[in-house]
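All heavy atoms count here, side chains included; hydrogens, waters and symmetry mates do not. Remember, predicted model here, so these are calculated numbers, not experimental data.
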Amino acid sequence: MRLVLLGPPGAGKGTQGRRLMQTFGWPLISTGDILRKAVSEKTALGVQAQHQMNQGLLVGDDVMIGLVRERTSEPDTADGYILDGFPRTVPQAAALDALLEERKQGLEAVVSLSVPETEIIKRLASRESQEARVDDSAETVLRRIEVYREQTEPLVDYYRGTGRLVEVQGVGSVDGIYAALKTALGLER
Ligand code: AMP
């Protein structure tokens with residue numbers, strides 16, 4: 001199954017994506033994790049992406065599209081994959097559609113995890129103290145939420161129009177959200 005997890009920062013995309021990966025075996029492709037690794041290893045990609053990431057801004061579409069094109073051609077993705085953090089802009093979504101069409105593949109579902117803004121801010125503030133992500137500082141959190149609203153949220157309508165959108169409330173216990181997610185996707189296990 002090929003899936004996209006869509007939602008604001010702190011919505012639980014990583015947490016739910018890991019659960020799906022553990023249960024069903026599809027690799028979880030987190031573009032944020034790939035970029036953070038590149039930054040820590042000081043690769044050319046990392047050097048290029050670091051500034052935007054630290055500011056809570058988006059890395060350029062061309063860079064991201066190239067990265068996802070490569071990662072989704074690796075052998076472990078043959079039976080499907082879960083995208084977490086990509087696409088984040090309309091051009092990225094259009095590029096993903098084009099890529100899938102070129103490969104004669106479909107996208108089974110786009111899960112929109114919705115969480116109220118006050119809850120997101122609370123979650124990201126507690127993540128800042130636990131995980132020390134440089135982009136979880138108060139100012140950057142607000143920037144990332146703003147960037148989400150402006151550039152990523154339009155994707156909800158983009159995908160709703162294609163009939164592939166599955167909306168799940170991202171509030172409550174991790175287990176409860178996961179159960180709702182599986183039901184919404186028709187995955188009972
Ligand atoms: P995330 O872990 O998904 O919140 O991503 C952390 C940061 O990586 C974001 O704030 C962006 O700077 C960058 N990033 C991750 N995925 C993308 C993407 N698809 N497009 C642009 N920038 C991205």
Side-chain angles (χ1 to χ4, degrees), residues 1-113 131 133-136 140 143-144 147-148 150-156 158-159 161-162 164-166 181 185 187:
M1 189 174 212
R2 277 172 294 271
L3 274 182
V4 165
L5 298 178
L6 201 61
K13 302 185 295 294
T15 303
Q16 298 297 331
R18 277 188 293 277
R19 296 281 293 261
L20 285 170
M21 173 172 69
Q22 282 157 7
T23 313
F24 299 99
W26 307 305
L28 177 65
I29 302 179
S30 157
T31 46
D33 282 350
I34 294 173
L35 292 174
R36 276 184 289 278
K37 182 159 178 274
V39 168
S40 77
E41 292 173 353
K42 299 190 167 63
T43 65
L45 170 68
V47 170
Q48 197 179 356
Q50 187 164 27
H51 183 70
Q52 270 99 336
M53 291 179 75
N54 289 348
Q55 307 254 331
L57 299 172
L58 295 185
V59 176
D61 285 337
D62 291 348
V63 172
M64 298 311 302
I65 292 163
L67 186 157
V68 167
R69 173 181 282 276
E70 274 181 36
R71 179 64 187 88
T72 57
S73 40
E74 287 174 27
D76 66 329
T77 62
D79 294 331
Y81 49 81
I82 307 160
L83 289 172
D84 163 10
F86 184 95
R88 247 183 169 93
T89 64
V90 171
Q92 290 181 16
L96 178 63
D97 279 344
L99 181 74
L100 291 169
E101 191 172 322
E102 177 189 314
R103 294 176 179 166
K104 306 262 179 287
Q105 292 175 335
L107 181 63
E108 275 78 21
V110 176
V111 176
S112 164
L113 272 177
E131 294 175 27
R133 263 179 64 162
V134 265
D135 61 351
D136 277 347
T140 317
R143 169 91 49 73
R144 285 163 59 216
V147 165
Y148 174 79
E150 284 175 9
Q151 304 198 53
T152 309
E153 205 166 41
L155 295 183
V156 175
Y158 177 94
Y159 284 116
T162 68
R164 287 171 297 188
L165 191 74
V166 172
L181 175 59
L185 289 172
L187 296 168

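- Looking at Val156 and Val110, their side chains never come closer than 4.5 Å, going by heavy atoms from C-beta outward.
- For the pair Leu28 and Gly14, the tightest heavy-atom approach, listed with the atom from each and the gap, is CD2-O, 4.0 Å.
- Closest approach of Thr77 and Thr72 over heavy atoms only: OG1-O, 3.1 Å.
- Across every non-hydrogen atom of Leu165 and Ser112, the tightest pair is CD1-CB, 4.0 Å.
- Residue pairs satisfying the salt bridge (charged side-chain N to carboxylate O under 4.0 Å, His left out) criterion with at least one member in residues 18-30, sequence neighbours excluded, are listed as follows: Arg19-Asp175.
- Expressed to the nearest 0.5 Å, how far CD of Glu41 lies from CZ of Arg36 amounts to 13.5 Å.
- Arg164 is linked by a side chain to side chain donor-acceptor pair (under 3.5 Å) to Thr162, counting only residues two or more places apart in sequence or in another chain.
- A pairwise comparison of heavy atoms in Tyr148 and Pro9 identifies CB-CD, 4.0 Å as the closest pair.
- Atom CG of Asp79 is surrounded by 12 or fewer heavy atoms from other residues, nucleotides or ligands within 6.0 Å.
- Using a 4.0 Å cut-off between charged side-chain N and carboxylate O, Lys104 and Glu101 make no salt bridge.
- At least one side-chain heavy atom of Leu96 sits less than 4.5 Å from a side-chain heavy atom of Leu83.
- Salt bridge present: Arg69 and Glu102 bring a charged side-chain N and a carboxylate O closer than 4.0 Å.
- Applying the salt bridge (Lys or Arg N to Asp or Glu O under 4.0 Å) rule to Glu150 yields no partners; only residues at least two apart in sequence or on another chain are considered.
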